Asks: 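Encoded as structure tokens, here's the structure I'll be asking about.
In this text the structure is predicted, and so the values were computed from the model without any measurement. So that the names make sense, note that chain A is the first sequence line, chain B the second, and so on, each numbered from 1.
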Amino acid sequence: MRWDDLVRVSVRQVFRHRRRYWGVILAIALGVAGFTTVITIGRDVKRNFNQDLELIGSANLIRLYWDTLPDQAPAWFQPETVAALRRTAHVTQVSEYTLRPAVVAGGGRRLEVTVWAVDHHFWHLRHFQPAQGILFEADSVLKRSQHCVLGAGLARKLFGDRNPVGQKVEIDADLYQVVGVVRLDDYSISQSLFLPLTTAQDRLRGETRPDRLLVRCATWDEVEAVADAIPRVVAAHQSISGLNVWVVWDALRRVQRVAWWIEFFIYLASGMTLLLGGLGIWNVMTAAVQSRTREIGLKKAMGAEDGDILAQFLTEALVLSVGAALLGLAAGRGLVALAGLWLGQRPQEELFLGCLGLSLAVAFAMGLGAGLYPSLKASRMEVVAATRYE
Amino acid sequence: MSSPQPRYNPDGSLIQARQLTMTYPNGAGDIQVLRGVSVSLHPGEMLAIMGPSGSGKSTLLYILGLLLKPTGGSYWLAGEDVLALDRRAQALCRRERLGFVFQTCDLLENSTVYENLEFPLIYAGVSPRERRERILMALEQVNLGHRLRHAANRLSGGERQRVAVARALVNRPQVILADEPTGQLDHRQGHLVMDHFEAVAERGTGIIVVTHDPEIAARCHRIYPLRDGRLEMAAPRREGRVADG
């Protein structure tokens, strides 16, 4: 029997008996659609979830800082170290900053505050949002602008109910324009002032090179690997004596455990649906062989070999499983597109293509596995018994 | 596949069956359905096998059609010892040399007339283009060219039987085996089917018809009465155009 005839006849047979098969088709299609959606957008969801987690626990942030030992000179992160860390696998952002005390004057008051000399990545890493004005960006850092951002508590202390944006403050005899106020719940940070790191290096007295880093990982799954890699990366460029790599391990473990269970149940649900689909194929193909016994006998009388009958029923099982998988992939594609719109991100095409290949392979194996026994049974029928079957 | 068998048809016969026996095992004692049946068929010959129900007519036809293996005896089809062939070679033999018409006008119910006739050609590996030509020709022979795309389950009894005949013809077999081909048809339809068989036989095909109907049997060249598993002497009933052996 030619391949094109085999496929054509099998597709026609499945289509004509579609009412018998719709339950199985639905089960497989749902399983594949769920699987495809979870795999394709799961990472994006996780990434979004990670960003949200930042607000409550910084589970995917790693903090780097140096111990200040009495017999050691202060240490800082050299530019090549920072560049190397930015290139490290699974690291999405690195922010360099330093803290130092200063006296700030403005609005008729003088206060001792902590100055945070930060780069423009800092706001994104900490998810700080402006309450008023703006938070300075790359341009201010690059141009070494004399701009500053006030913590909300400090702004209230200096300017009361007046709008601080556009006002001037004085630090170490230099004037800085307030461009924004940052909304903060943490009291001590709320009393702080933020300057562009480059500006601070030019104008503040004392050591202002970055001695702290914030490293964000793509997801919490990579935090451990990145934390392990960091000392090696830093050591390639400078001494790591006194280096601290700090991770909120408790929060990370809890998040990982919850996420693992969620993923496990989603995969379990998809797997069970596919298993049910496989059992369904077995069941409907066994029933089909029974109800089409006379047809089998007739075809053998027409000259069909055992192999022709085996191939026909097996191909029907494959048409059923692979056809249902294709429907599931189409539905999954639609769900992924919708989820992409919802998350505001483009689904990763390579992941979808991977799912497509895997789903088709699983569907093929399922059709083959579940259809083999009924097909063998059909092929081994004796012609006379089959043609006389009532 | 089996190794080539010695050929045996010294008289040019299509079928040479000798001392066929068929015994079905039964708890209380074996049932002997055929007790040494010998039969021959020549090209262009029409042969009728008659007998009461349970006399073994259909069993004999199934053995001759390689659908059933006898418990004893020998059978040469076009000179080949077909009982020595394996299942695959027997299937090949069925598809290339034999055509069946079943008692119950068995058609593939969910398929069209065209598809019913297409299956034997698909199994024989005939190209799609040639299939169409052959199917049209076979349907024209039974005056059903206009029913090409009709669903099999919407045909009348007479039309179904003619489709079954056309399906048996479509592979251009050497032998047609028909089990009660007119059993479910009225008198006129029954004789129409026999007209088709006569036309086919005139082109050299050998035909064996199992029937209860003496009128149908009378249209064959020879009639074999089958009683208690034994064939009685055949009597030529009409002038035939049996090809010379």
Asks: CD of A:Gln13 to CG of B:Asn110: how many Å apart, nearest 0.5 Å?
Replies: 6.5 Å

Asks: Would you say CG of B:Asp228 has more than 12 non-hydrogen atoms from neighbouring residues, nucleotides or ligands within 6.0 angstrom?
Replies: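 Result for CG/B:Asp228: open.
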
Asks: Return the CG to CG distance between B:Asn116 and A:Leu298, rounded to the nearest 0.5 Å.
Replies: 7.5 Å

Asks: Give, as side chain, backbone, both or neither, the part of A:Arg292 having an atom under 4.5 angstrom from any heavy atom of chain B.
Replies: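 Neither; nothing under 4.5 Å.
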
Asks: If I measure from the heavy atoms of chain A, does B:Gln90 come under 4.5 Å with its side chain, its backbone, both, or neither?
Replies: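 Contact with chain A involves no heavy atom of B:Gln90 at all.
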
Asks: Ring of B:Phe119, cation from A:Lys299 - is the NZ or CZ under 6.0 Å from the centre and inside 45° of the axis?
Replies: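 Verdict for B:Phe119: a cation-pi partner in A:Lys299.
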
Asks: Return the minimal non-hydrogen interatomic distance between A:Ala304 and B:Ala91, and the atom names on each side.
Replies: O-CB, 4.0 Å

Asks: Say you draw a straight line from CD of A:Glu382 to OH of B:Tyr62; how long is it, rounded to the nearest 0.5 Å?
Replies: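 If I round to the nearest 0.5 Å, the distance is 13.5 Å.
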
Asks: What's the separation between atom CG in B:Leu117 and atom CE in A:Met302, rounded to the nearest 0.5 Å?
Replies: 8.5 Å

Asks: Taking CZ in B:Arg149 as the centre, count heavy atoms belonging to other residues, nucleotides or ligands within less than 6.0 Å. Is the count above 12?
Replies: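 Check passes, neighbour count above 12.
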
Asks: What residue, out of B:Ala124, B:Gly125, B:Pro128, B:Pro173, has the most heavy-atom pairs lying under 4.5 Å from chain A?
Replies: B:Pro128

Asks: Is the closest basic N to carboxylate O distance between B:Arg95 and A:Glu305 below 4.0 Å?
Replies: yes

Asks: How about B:Arg154: does its CZ atom have over 12 heavy atoms from other parts shown lying under 6.0 Å from it?
Replies: no

Asks: Output the distance between atom NZ (A:Lys300) and atom CG (B:Leu66), rounded to the nearest 0.5 Å.
Replies: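 It is 13.5 Å, given to the nearest 0.5 Å.
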
Asks: What's the shortest heavy-atom distance between B:Phe102 and A:Ala301, and which atoms?
Replies: CZ-CB, 3.6 Å

Asks: Should the heavy atoms of other residues, nucleotides or ligands under 6.0 Å from CZ of A:Arg380 be counted, would the total exceed 12?
Replies: no

Asks: In terms of heavy-atom pairs under 4.5 Å, which option from B:Thr59, B:Ile122, B:Leu98 contacts chain A the most?
Replies: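 The residue among B:Thr59, B:Ile122, B:Leu98 with the greatest pair count is B:Ile122.
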
Asks: Which atoms form the tightest heavy-atom contact between A:Met381 and B:Arg87, and what is the distance?
Replies: O-NH2, 3.9 Å

